[in-house]
Participant: 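Handing you a structure now.
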Amino acid sequence: MKVALYCRVSTEEQKLHGYSLEAQLDSLRKWAADNKHTVVGEYIDGGISGKTAYKKRPALSQFIQDVENGLRAQALVFIKLDRFYRSVKLYYAIMEEFERLNLSWIATQEDYETVTANGRLRVNLMLSIAENEADRTAERIRFAFEAKKAKGEVLSGHVGLGFKVVDKHKVVDDDTMPIVREMFQFYIDSRSLTATQRMLQNTYGLQRSYHNVREMLAHKKYMEYVGKDTFVKAQELLASKSHARNTVNRVYLFSGIIYCRHCGGRFKTSRNGKYTYYYCRTHEQYRTCDCSKHYDESKIESYLLDNLRTAIEDYNVRILEKQKPPMDVDRIHKRMNKLKDLYLDDLISKDVYEADYRALEKQLELPVSAPRTISVDGIDEMLKKYHELSKTSQKAFWGRVLKRIDCDNSGNIFLTF
């Protein structure tokens, strides 16, 4: 079975109990391997309450979107039901989505079934208990946090890059604060969050998401350590980038039709300056797919313009080879009439007549339509005008001609018409 793994822990649970997302994920991976299931995706919601609707959970909502976009998952797997939801109402809201998408769920460390009335009652009881426990936990956490604040202690063991915890208090980490300063300066020089993200990974082995890098650069706690002028410059650049994203209507030529050849997931898009790239999100975020290659949009476009005509000619040849000769309907009707005459003249038995007549009727029922070939002349005309089209019209052209584009890690491109 093809499954997706799901982990969740709230900020409060992390701080109070030290619940580990890594431990959950390790447990789920081992369960999938032991049961010979294929993992098609891993989805992690850190710092998310169990009483949060799925549309407000980045990873869970992404899972729903991925399934709608073609992710081949049959079930979502988590270790316990309370890692999925702690609210009866919200649980049934997402169950409507699961039923629509023909999905099921599995709690690896608990035994549930929702087929019988008793099974559904047990799920309701467990969700109600979890919901009540979440409410009581929230109250205890508030008191614990207030006590920590009164003593000047940190609220958790995670204090961010550049800092460390000593005797329950946050202090500057002399080993990593220089990395923070370099991160700010690199971002100001490169003007690129993606480039900064890659610098942290390639130079220091620090894997940080695009959004995490942005959050660090925007956090006021770094102002005194990187200098006010540097911090202000970074904020101005972040603001200008945000404005550009909100005001520029970017058109990506192949979004929606370009897929990973290895895992089947739809490629995501990324921009670095004037360049647009497509990549496998499953590899980039979860490393569960081997496709690490980034495809430059302009190179895909050039490849298609150079090879589209030949690919369509090959496609047409395959279609013509599969097509059956056109059905001679008149000839079949004549044979049916002749059979009737033979039977009426007692030249064949009733059994032979009925058997042959039914066989001819079945021939008439066979579909006469077949996949149509693509007009090469029409494509040639469009390609001549291609560079005169707006980018929106160019995108529409590719969407009409191609059903999908599949790319693999070796740079090979496969077209489906």
Participant: Run the side chain to side chain contact (heavy atoms under 4.5 Å, CB included) check on V232 and E236 step by step: do they pass?
Facilitator: CA-CA 6 Å; V232 170; E236 290 173 350; 3.7 Å; yes
Participant: Could you measure the distance from the CD1 atom of I48 to the NZ atom of K56? Nearest 0.5 Å is fine.
Facilitator: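 It is 11.0 Å, given to the nearest 0.5 Å.
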Participant: Quick check: do C407 and I258 have side-chain heavy atoms less than 4.5 Å from each other?
Facilitator: yes
Participant: Compare all side-chain heavy atoms of T108 with those of N35 and state whether any distance is below 4.5 angstrom.
Facilitator: no
Participant: So, does D408 use its side chain to make a donor-acceptor pair with the main chain of H262 at under 3.5 Å?
Facilitator: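 A pair under 3.5 Å: no.
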Participant: With the side chain counted from C-beta on, respond yes when C263 and C280 share a heavy-atom pair under 4.5 Å apart, and no when they do not.
Facilitator: yes
Participant: I'd like to know whether CG of D229 has more than 12 heavy-atom contacts from other residues, nucleotides or ligands below 6.0 angstrom.
Facilitator: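 It does not: D229 CG has 12 such atoms or fewer within range.
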Participant: Do the side-chain N and O atoms of Q24 and Y6 include a donor-acceptor pair separated by under 3.5 angstrom?
Facilitator: no
Participant: Applying ring pair (Phe, Tyr, Trp, His ring centres under 6.0 Å) as the test, list every pair that has at least one member in residues 37-81; sequence neighbours left out.
Facilitator: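 Output for this query lists W31-H37, Y43-F63, Y43-Y286, F78-F84, F78-W105.
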Participant: So, Y279 side chain and E284 main chain: donor-acceptor pair closer than 3.5 Å or not?
Facilitator: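 It does not hold such a pair.
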Participant: Quick one: pull up CG in D26 and NZ in K30 and give me the separation to the nearest 0.5 Å.
Facilitator: 11.0 Å
Participant: Among side-chain atoms of T310 and N307, is any donor-acceptor pair under 3.5 angstrom?
Facilitator: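 Note: T310 and N307 side chains miss the donor-acceptor criterion.
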Participant: Which pair of heavy atoms, one from G46 and one from L21, lies closest together, and at what distance?
Facilitator: CA-CD1, 3.8 Å
Participant: Let me confirm one number: the CG-SG distance from L28 to C7, rounded to the nearest 0.5 Å.
Facilitator: 5.0 Å
Participant: Look only at the side chain of N316 and the backbone of I374, and say whether a donor-acceptor pair between them is shorter than 3.5 Å.
Facilitator: yes
Participant: Within a 6.0 Å radius of atom CG on D306, are there more than 12 heavy atoms belonging to other residues, nucleotides or ligands?
Facilitator: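 Atom CG in D306 is crowded, with more than 12 foreign heavy atoms closer than 6.0 Å.
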Participant: Whether the side chain of E110 engages the backbone of L81 through a donor-acceptor N/O pair (distance < 3.5 Å, no angle test) should be reported.
Facilitator: yes
Participant: Do D66 side-chain atoms and N69 backbone N/O form a donor-acceptor pair below 3.5 Å?
Facilitator: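 Between the backbone of N69 and the side chain of D66 there is no qualifying donor-acceptor contact (under 3.5 Å).
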Participant: Going through the distances and angles, do Q197 and Y187 end up as a side chain to side chain donor-acceptor pair (under 3.5 Å)?
Facilitator: CA-CA 9 Å; Q197 177 189 10; Y187 173 64; over 6 Å; no
Participant: Mind listing the closest non-hydrogen atom pair of T282 and C289 along with its distance?
Facilitator: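 Looking at all heavy atoms of both residues, the shortest contact is CG2-CB, 4.0 Å.
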Participant: Do any N or O atoms from the side chain of S61 and from the backbone of P58 form a donor-acceptor pair under 3.5 angstrom?
Facilitator: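 Present.
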Participant: Give a yes-or-no answer on whether the side chains of T176 and K164 include a donor-acceptor pair shorter than 3.5 Å.
Facilitator: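 No pair is found: no donor N or O on one side chain lies under 3.5 Å from an acceptor on the other.
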Participant: Report the C-alpha distance between L76 and L103 in whole Å, list the side-chain angles of each, state the deciding distance to 0.1 Å, and finish with yes or no for side chain to side chain contact (heavy atoms under 4.5 Å, CB included).
Facilitator: CA-CA 7 Å; L76 184 67; L103 290 167; over 6 Å; no
Participant: Checking K384 against D380 for the salt bridge (Lys or Arg N to Asp or Glu O under 4.0 Å) test, could you report, in this order, the C-alpha distance in whole Å, the side-chain angles of both residues, the deciding distance, and whether it holds?
Facilitator: CA-CA 6 Å; K384 289 177 184 177; D380 284 341; over 6 Å; no
Participant: Under a 4.5 Å cut-off applied to non-hydrogen side-chain atoms, are I379 and V401 in contact?
Facilitator: yes
Participant: Is the ring centre of F267 less than 6.0 Å from the ring centre of Y252?
Facilitator: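 No: the rings miss the under 6.0 Å criterion.
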Participant: Do we see a donor-acceptor contact under 3.5 Å between the side chains of Y210 and E215?
Facilitator: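 On atom types as modelled, these side chains do not qualify, holding no pair under 3.5 Å.
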Participant: Taking atom types as modelled, is there a side-chain donor on R57 or T52 under 3.5 Å from an acceptor on the other?
Facilitator: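 Short answer, no.
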Participant: Decide side chain to side chain donor-acceptor pair (under 3.5 Å) for S255 and K395; before the verdict, give the C-alpha distance in whole Å, the side-chain angles of both, and the deciding distance to 0.1 Å.
Facilitator: CA-CA 9 Å; S255 61; K395 176 180 173 65; 2.8 Å; yes
Participant: Looking at F414, is R261 sitting on its ring face, NZ or CZ under 6.0 Å from the six-membered ring centre and within 45 degrees of the normal?
Facilitator: yes
Participant: Take R266 and E68 through the test salt bridge (Lys or Arg N to Asp or Glu O under 4.0 Å) and record every step on the way to the result.
Facilitator: CA-CA 11 Å; R266 186 173 289 176; E68 290 175 332; over 6 Å; no
Participant: Does atom CZ (R335) have a neighbourhood of more than 12 heavy atoms from anything else shown, all under 6.0 Å?
Facilitator: no
Participant: Can you tell me if K233 has over 12 outside heavy atoms packed within less than 6.0 Å of its NZ?
Facilitator: no
Participant: Taking the side chain as every heavy atom from C-beta outward, state whether V40 and V3 have any pair of such atoms under 4.5 Å apart.
Facilitator: no
Participant: Where do K391 and E297 land on the salt bridge (Lys or Arg N to Asp or Glu O under 4.0 Å) test, with the steps shown first?
Facilitator: CA-CA 12 Å; K391 196 154 188 182; E297 182 178 83; 3.2 Å; yes
Participant: Quick one: OG on S104 to CD on E99, what's the gap to the nearest 0.5 Å?
Facilitator: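 Output value for this atom pair is 11.5 Å.
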Participant: How about W398 and L304: do any of their side-chain heavy atoms sit closer than 4.5 Å?
Facilitator: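 Yes - at least one pair of side-chain heavy atoms lies under 4.5 Å apart.
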Participant: Could you tell me whether a side-chain N or O of Q74 sits under 3.5 Å from a main-chain N or O of K2, the two making a donor and an acceptor?
Facilitator: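 Yes; at least one donor-acceptor contact below 3.5 Å.
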Participant: Would you say the side chain of T194 lies within less than 4.5 Å of the side chain of S270, judging by non-hydrogen atoms?
Facilitator: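 In contact.
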Participant: Using 30° and 60° as the class boundaries, would you call the ring planes of Y277 and H294 parallel, tilted or perpendicular?
Facilitator: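 Y277 and H294: perpendicular rings.
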Participant: Closest heavy-atom contact between M199 and M183?
Facilitator: CE-CA, 3.9 Å
Participant: Quick one: are K268 and Y278 in side-chain contact, heavy atoms under 4.5 Å?
Facilitator: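 Not touching, per the 4.5 Å side-chain cut-off.
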Participant: Could you go step by step and tell me if E42 and R287 meet the salt bridge (Lys or Arg N to Asp or Glu O under 4.0 Å) rule?
Facilitator: CA-CA 9 Å; E42 296 177 352; R287 296 296 192 269; over 6 Å; no
Participant: H219 vs Y222 aromatic rings, parallel, tilted or perpendicular, using cut-offs 30° and 60°?
Facilitator: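 Plane angle over 60°, so perpendicular.
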Participant: Please check if the number of heavy atoms outside K55 that lie under 6.0 Å from its NZ is greater than 12.
Facilitator: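 It does not: K55 NZ has 12 such atoms or fewer within range.
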Participant: How far apart are the closest heavy atoms of R8 and D82, and which atoms are they?
Facilitator: NH2-O, 2.7 Å
Participant: Just verifying a value: how many Å separate T230 OG1 and F184 CZ, rounded to the nearest 0.5 Å?
Facilitator: 8.5 Å
Participant: Please answer whether the main-chain N or O of F231 pairs with a side-chain N or O of Q235 as donor and acceptor at a distance below 3.5 Å.
Facilitator: yes
Participant: Is there a donor-acceptor contact under 3.5 Å linking the side chains of D296 and S298?
Facilitator: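 Yes, a side-chain donor-acceptor pair sits under 3.5 Å.
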Participant: Strictly distance-based, threshold 3.5 Å: is any side-chain N or O of S27 a donor or acceptor partner for the main-chain N or O of A23?
Facilitator: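 Pair absent, no side-chain N/O of S27 close to backbone of A23.
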Participant: Determine the minimum heavy-atom distance between D290 and N409, stating which atoms define it.
Facilitator: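 What the structure gives for the nearest pair is O-ND2, 3.3 Å.
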Participant: Please determine whether side chain to side chain donor-acceptor pair (under 3.5 Å) holds for the pair R404 and Y259, giving the CA-CA distance in whole Å, both sets of side-chain angles, and the decisive distance to 0.1 Å.
Facilitator: CA-CA 7 Å; R404 62 187 286 158; Y259 293 81; 4.9 Å; no
Participant: How long is the span from the CG atom in L161 to the CG atom in D173, to the nearest 0.5 Å?
Facilitator: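 Going from CG on L161 over to CG on D173, the span is 8.0 Å.
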Participant: Grab the two heavy atoms, one from D406 and one from C260, that are nearest each other, plus how far apart they are.
Facilitator: OD1-O, 4.0 Å
Participant: Hey, is OH on Y92 packed in by over 12 heavy atoms from elsewhere, all under 6.0 Å?
Facilitator: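 Yes, enclosed.
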Participant: Is the side chain of N202 donor-acceptor paired with the backbone N or O of R198 at a distance under 3.5 Å, no angle test?
Facilitator: yes
